[in-house]
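All figures in this text were calculated on a predicted structure; none of them were measured in a lab.
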Amino acid sequence: MDTLLHNGSCNTSPASSGQAKFSGPASAEKSAGEHRAPGLPEILAPAGDTPAALAAFAAGADAIYLGLKHFSARMQAENFSTTELARLTDLAHAEGRRVYVAMNTLLKPGDPASAFRLARRLTLDSAPDALIVQDPGMLDLARQAGFAGELHLSTLANVTHPRALITAKALGASRVIVPRELSIDEVRSMDAACPDGLDLEIFVHGALCYCVSGRCWWSSYLGGKSGLRGRCVQPCRRVYTQKGRQGRFFSCMDLSLDVLAKNLLTMPRLRSWKIEGRKKGPHYVYYVTSAYRLLRDEPDNPAARKEAEQILEMALGRPGTRSLFLPQSPQSPTTSPDAKEPQTSSGLLCGRVGKGAGGKFELRPRLPLLPKDHLRIGYEDEPWHCTLFIPKWVQQGAAFTLSLPRGKNPKPGTPVFLIDRREPELTALLAEWERDLNARGRKPAPEGKTPPAQDVAGLEPKMPAPRPGVPRKLDILLRSSLPHGRKGKAGVRPGTVQGLWLSQKALKEVSKTLFERISWWLPPVIWPDEEDAWSRLINAALRNGSRHFVCNAPWQAAFFSGEKGINLTGGPFCNIANAPALGLLADLGFSACIISPELGEEDILALPKQSPLPLGMVLAGFWPVGITRHAAEPLKTQEGFQSPKGEEFWFRRYGQNTWLYPAWPLDLTEHRPALERAGYSTFVTMEEHPPKTLAPAKRISEFNWKVDVL
């Protein structure tokens with residue numbers, strides 16, 4: 001076919017236009033969101049910029065999600081100003097569509113006032129239908145700002161098991177976006193446990209992260225660009241080495257449930273099918289949205305299913321995987337390094353760089369290229385990586401000379417990816433929707449003028465009252481296992497409390513006389529299929545006299561509902577970093593919190609003065625760069641592996657999760673006096689035992705102590 005456009009009649013123009021302008025996927029025959037049949041989940045499409053948003057509407061998306069210039073977990077996307085958002089929301093509501101705004105970053109101590117004012121500005125000026133949030137503090141700030149729409153908890157919030165939904169609902173969430181690591185059986189269990197007044201959303205297509213959302217500090221640990229703040233530099237996409245074997249072992253394919261999405265239609269609380277891709281162009285958005293509309297609207301039509309699969313093949317995504325969705329036949333999220341075409345770069349592999357006449361770089365594309373097609377040369381971590389636009393039509397297999405920037409000299413065989421294209425029909429369709437945007441959307445404010453509704457300067461949220469007094473100081477040595485030869489004994493120096501990860505083995509080996517003196521830690525992730533087992537472990541610990549528990553997700557408080565006389569501490573994996581979030585922990589019954597170690601010195605030292613709870617810090621030990629549900633294959637867990645810069649890492653498997661560790665430990669010991677003066681009272685050392693094959697660490701990390709986290 002001459003273009004990637006599927007040949008089929010449809011009507012994808014705005015409701016006001018009256019006639020079809022585009023011969024595209026037949027799934028787009030109904031353009032307006034209000035045409036969705038009752039009870040069907042919405043199709044939620046990504047919008048990194050205005051053309052992508054209009055492409056989503058053209059393809060029949062019921063809702064779009066987008067980010068602003070601040071507090072968005074995709075800061076590399078184009079994103080929107082509040083004025084642009086207001087105009088787009090006007091159009092969406094006129095067309096019967098919904099708009100969700102992602103304010104889904106971790107909030108630092110100085111952020112709550114700015115986040116509150118932005119939420120207030122949105123409330124007054126554009127009134128989007130929902131905010132997507134990661135930080136628990138945003139639930140409080142949004143309501144204080146008068147936001148009357150829905151509040152959706154992002155996957156970054158790590159609501160991973162059924163009981164967690166109860167806590168999420170109690171804190172004011174309207175929707176939970178479930179993790180991408182769930183099997184279909186686990187999604188069903190979440191759906192069955194979902195309380196009234198809460199609904200669920202699931203990713204059906206798009207990029208995967210190797211680590212669990214909200215449980216990755218890889219980018220931050222290596223240099224202060226936090227994934228929790230929307231600044232991830234994607235170290236998982238790079239080439240790593242183990243014993244001479246190289247590969248992009250952690251670089252994932254795209255999730256693609258495609259025809260399996262039919263199984264989601266039987267879940268009544270699963271109200272939204274979400275497509276990932278806020279950094280993608282309108283071509284991808286249009287095609288993927290069209291395909292999933294077909295799969296939703298005609299699930300029992302074999303022809304529709306086949307057409308949807310063909311459309312997805314044209315969407316310029318990575319190769320697809322079902323990942324862990326089918327428990328009986330899980331798939332690796334990464335391509336094998338031995339595969340013929342191992343590629344996990346964004347875009348469709350369309351050829352490889354060769355040398356032409358005169359030594360010039362050329363491409364013989366595997367498919368026709370259109371004028372304005374956008375190409376990516378190589379991978380982002382390679383020195384010759386760049387992007388370029390095609391100026392003219394190029395036939396399949398024809399030699400095309402690549403006009404590369406100065407100094408970009410790719411190796412022969414470097415892959416070339418088609419990452420976006422503007423078919424004439426799609427360009428015309430977007431132009432039609434843009435005219436409708438200009439006709440229906442409000443006019444931009446004059447240069448330098450602020451609409452009265454946006455004048456929120458000086459407004460401040462109500463913050464929780466800081467705690468009075470100085471709490472007793474506490475040192476916790478958190479051990480991965482009981483020390484050899486000390487079965488049942490604390491085995492720590494005087495004045496130090498032993499911390500243990502809660503497990504069946506620890507419950508058996510610890511003397512019952514010591515249970516009350518031990519700090520019992522819950523894991524950073526609890527999956528639906530293991531929730532009952534964790535409930536039994538917690539109840540056994542309580543029966544044996546345990547009184548101090550560290551929850552590593554706020555939602556784990558649901559395990560202790562109604563329990564009296566216990567001490568709940570928020571763990572460092574909760575990613576708590578601001579006063580409103582600490583206030584919500586206090587409301588849930590927590591008596592202390594060990595804050596996220598990801599912050600820089602200024603923020604760390606500022607937080608105790610704002611906190612309603614006593615605070616703690618991870619002072620030393622092995623902090624993981626990430627936690628994943630996927631196996632480490634093909635790498636060996638007892639061997640180190642190296643980054644392109646020679647940095648060494650290692651694995652350890654705990655239950656269903658693999659922990660990725662740097663070979664150099666965190667050590668803030670020299671800053672303890674400053675932390676104590678600031679008001680910190682609990683100090684944690686995380687003990688781990690690296691593989692014996694690993695060379696002794698030659699350095700330590702201060703994480704982001706000296707870095708102003710972006």
Side-chain angles (χ1 to χ4, degrees), residues 40-46 154-156 158-162 164-165 175-194 199-215 236 250-277 288-289 291-296 299-300 305-306 308-309 311-313 315 317-336 344 525-531 627-633 655-658:
L40 288 181
E42 69 183 9
I43 303 297
L44 175 58
S154 165
T155 50
L156 288 162
N158 203 243
V159 184
T160 60
H161 57 97
L165 299 173
R175 175 181 293 181
V176 165
I177 305 164
V178 301
R180 279 168 270 203
E181 291 82 2
L182 298 189
S183 71
I184 185 171
D185 294 337
E186 291 175 316
V187 178
R188 285 195 185 100
S189 71
M190 296 287 277
D191 181 78
C194 193
D199 61 43
L200 303 178
E201 176 177 304
I202 189 171
F203 281 96
V204 293
H205 198 92
L208 283 172
C209 290
Y210 185 74
C211 292
V212 179
S213 290
R215 298 295 179 261
C236 58
F250 314 108
S251 186
C252 292
M253 297 180 279
D254 279 0
L255 176 68
S256 183
L257 297 188
D258 48 79
V259 297
L260 295 182
K262 171 184 175 180
N263 297 286
L264 302 172
L265 293 171
T266 61
M267 304 179 198
R269 306 313 299 251
L270 192 58
R271 304 285 173 78
S272 181
W273 290 6
K274 188 172 192 173
I275 298 163
E276 188 279 336
V288 178
T289 301
Y292 280 95
R293 278 199 60 205
L294 260 180
L295 292 168
R296 181 199 64 185
D300 298 317
R305 291 198 301 270
K306 182 177 180 180
E309 289 178 303
I311 293 170
L312 288 175
E313 289 177 0
R318 301 176 181 89
T321 175
R322 271 72 183 271
S323 190
L324 304 178
F325 189 70
L326 293 178
Q328 69 275 23
S329 56
Q331 296 179 352
S332 169
T334 61
T335 52
S336 166
T344 52
V525 187
I526 293 176
W527 299 110
D529 69 346
E530 57 185 7
E531 182 183 71
I627 298 171
T628 177
R629 200 179 190 184
H630 303 293
E633 297 174 352
Q656 296 188 25
N657 298 316
T658 300

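- Atom CG of Leu44 sits about 7.5 Å away from atom CD1 of Ile177, to the nearest 0.5 Å.
- A side-chain donor-acceptor contact under 3.5 Å links Tyr292 to the backbone of Val204.
- The minimum heavy-atom distance linking Pro162 with Ala193 is given by the pair CB-CB, 3.5 Å.
- For the atom pair Lys306 NZ and Ile311 CD1, the distance stands at 13.0 Å (nearest 0.5 Å).
- To the nearest 0.5 angstrom, Trp527 atom CH2 is 10.5 Å from Ser183 atom OG.
- Taken to the nearest 0.5 Å, the CD atom of Glu530 stands 6.5 Å off from the CG atom of Asn657.
- A pairwise comparison of heavy atoms in Leu255 and Phe203 identifies CD2-O, 3.5 Å as the closest pair.
- Taken to the nearest 0.5 Å, the CD1 atom of Ile43 stands 5.5 Å off from the CH2 atom of Trp273.
- Counting only N and O atoms by type, the side chains of Thr334 and Ser332 include a donor and acceptor under 3.5 Å apart.
- Using the six-membered ring where Trp is involved, Tyr210 and Phe250 have ring planes that are perpendicular, over 60° apart on the 30 and 60° scheme.
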side-chain contact (heavy atoms from CB on, under 4.5 Å) between Asp529 and Gln656, worked out: CA-CA 10 Å; Asp529 69 346; Gln656 296 188 25; 3.0 Å; yes
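- Remark: the backbone N or O of Ala207 is paired with a side-chain donor or acceptor of Arg180 at under 3.5 angstrom.
- In this structure, Met267 and Val187 approach most closely via the heavy-atom pair SD-CG1, 3.5 Å.
- The main-chain N or O of Ser272 is never found under 3.5 Å from a side-chain atom of Glu201 such that the two would form a donor-acceptor pair.
- Looking at heavy atoms from C-beta onward, Leu264 lies in side-chain contact with Leu257 at the 4.5 angstrom threshold.
- A side-chain donor from one of Ser256 and Asp258 sits under 3.5 Å from a side-chain acceptor of the other.
- The heavy-atom pair separating Lys262 from Asp300 by the smallest distance is NZ-OD1, 2.7 Å.
- In this structure, Pro330 and Leu324 have side chains that are in contact, with non-hydrogen atoms separated by less than 4.5 Å.
- Between the side chain of Gln331 and the backbone N or O of Arg322, at least one donor-acceptor pair lies under 3.5 Å.
- Using modelled atom types, one side-chain atom of Asp191 and one backbone atom of Leu270 make a donor-acceptor pair closer than 3.5 Å.
- Side-chain atoms of Thr628 do not come within 3.5 Å of backbone N or O of Thr658 as any donor-acceptor pair.
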Intermediate values then yes/no, side-chain contact (heavy atoms from CB on, under 4.5 Å), Ser213 and Leu156: CA-CA 5 Å; Ser213 290; Leu156 288 162; 4.3 Å; yes
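- Between Arg215 and Val525, the shortest heavy-atom contact is CG-CG2, 3.8 Å.
- The OG atom of Ser323 lies 11.5 Å from the CG atom of Asp254; values are rounded to the nearest 0.5 Å.
- At least one donor-acceptor pair under 3.5 Å links the side chain of Thr160 to the backbone N or O of Ile526.
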Test side-chain contact (heavy atoms from CB on, under 4.5 Å) applied to Leu312 and Val288, step by step: CA-CA 6 Å; Leu312 288 175; Val288 178; 4.1 Å; yes
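- Using a 4.0 Å cut-off between charged nitrogen and carboxylate oxygen, Glu186 and Arg629 count as a salt-bridge pair.
- A side chain to side chain contact (heavy atoms under 4.5 Å, CB included) with Pro41 holds for exactly one of Arg271, Arg296, Lys274; it is Arg296.
- A distance-only check finds a donor-acceptor pair linking the side chain of Arg305 to the backbone of Pro299 [under 3.5 Å].
- Taking both residues in full, the closest heavy atoms of Val159 and Ala164 are given as CG1-CB, 3.6 Å, listed atom of the first, atom of the second, then distance.
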